[in-house]
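Written below as structure tokens is the structure these notes are about.
In listed order, ligands and their atoms are each counted from 1. All values below were derived from every heavy atom in this structure, side-chain atoms included, with hydrogens, water molecules and symmetry-related copies excluded.
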Amino acid sequence: MEGTAHGKIILIGEHSVVYGHPAIAIPFNDSRIVCRLKPSETDVIVSSLYEGPLSDAPPLFQPIRKLIGKLKAAFEHGPCHYIIESDIPIGAGLGSSAAIAAAITSAVYKMNDRPLDSRTHYEWVQYSETLAHRNPSGIDALCVTSDHGWFFTKNKREPIEITISGSLVIAYSGETTPTSQSVAHVRKLTETSEDFQQIINGLGGLAFQAKDALVSKDINALGDAMNAAMEGLNALGLSTERIERLNHLAKRHGAIASKLTGGGMGGCVIALCASEKDAENVRDAWTKEENVRTWKINFREEA
Ligand code: PMV
């Protein structure tokens, strides 16, 4: 039995979304996770990071262990091999932990021949995410369990479609920091000075600007909001030298905007481009000069 899930990309609003501000995120269908279940004598995890008994899995797997325990209790099903294949880099801001939880949940529901509605799916993933980093906004859980974008706040979610023509190029910096760590870092800053709270508020305002830009199909205004958000994220200490280099390189090769996505302190960078040609130029530059893994998403204007 098999469950699949995809990653997600936050266009704008990471971190400030934890404080009740909006964020915009889209599913990342080119990046997927598959979980296959095979009934066996004991629970075993088979993955690129760890292979062995579920009970001995390293701390990183703790949320998954608890999720599986809760799912097993709910369905009273026996032990299994949980075979996880992922092409989403771990800790890269693309929602890998949420996607793993989503794929496992989906596989368990299928094995038990039970329908899984999106609300229930979200709840299971959010349960696992809460174990991974205490106070998740829910944007990852929502995005990996749905097939369209969201304008999201903790209290309200509106589906959003990107109908601007243009492209988004994504690069994995190769650096990773657990989201729990970057979220704790920002929390500490906001507790030490009001200036940091102002930055968070500013990021919230920029997410509204980005939404307006999407509605009015103004790619330059979207880019302005994303660039300004990067400045805010940098001021919160979430950038790295590599991220700065990737941002700089993207803009030098035609990107309208370039920023980190997700928790930051490494992870992925996204570059917004007005044309596929610009996007290819950015991709080439990132590959040749920084030797990073890249992806590309093309947005289409509605007919
Ligand atoms: O790094 P990721 O993919 O886990 O994204 C986290 C997004 C944050 O806003 C930093 C945290 C959250 O709970 O929304």
query: For T261, is the nearest heavy atom under 4.0 Å from an atom of ligand 1?
result: no
query: Could a heavy atom of K8 be found less than 4.0 Å from some atom of ligand 1?
result: yes
Run the numbers for me: atoms of ligand 1, each under 4.0 Å from some heavy atom of [X], listed by number.
X: D140; value: 2 (P), 3 (O), 4 (O), 5 (O)
X: L94; value: 3 (O)
X: V17; value: 9 (O), 14 (O)
X: I10; value: 7 (C)
X: G262; value: 1 (O), 5 (O)
X: G93; value: 1 (O), 2 (P), 3 (O)
X: G95; value: 3 (O)
X: I139; value: 14 (O)

Tell me whether [X] contacts the main-chain N or O of [Y] through its side chain, where contact means a donor paired with an acceptor under 3.5 Å.
X: S216; Y: D212; answer: yes
X: T176; Y: G91; answer: no
X: K8; Y: G149; answer: no

message: Looking at every heavy atom in both I270 and M226, which two are closest together, and how far apart are they?
response: CD1-CE, 3.8 Å
- request: Indicate the atoms forming the closest heavy-atom contact of F61 with I45, along with that distance.
  value: CE2-CG2, 3.8 Å
Side chain or backbone, does [X] bring an N or O within less than 3.5 Å of an N or O on ligand 1?
X: G263; answer: yes
X: E14; answer: no
X: S137; answer: yes

Ligand 1 contact on E129 by region, counting heavy-atom pairs under 4.0 Å: neither
message: Angle between ring planes, W124 versus Y127, binned at 30° and 60°: parallel, tilted or perpendicular?
response: perpendicular
task: On the 0 to 90° scale, with breaks at 30° and 60°, tag the F28-W295 ring pair as parallel, tilted or perpendicular.
output: perpendicular
field: Protein residue, atom and distance nearest to atom 4 (O) of ligand 1, heavy-atom basis
entry: T179 OG1, 2.8 Å
Distance from atom 8 (C) of ligand 1 to nearest protein heavy atom, with residue and atom: H15 N, 4.0 Å
- request: Output yes when R245 and E290 qualify as a salt bridge under the 4.0 Å nitrogen-oxygen rule, no when they do not.
  value: yes
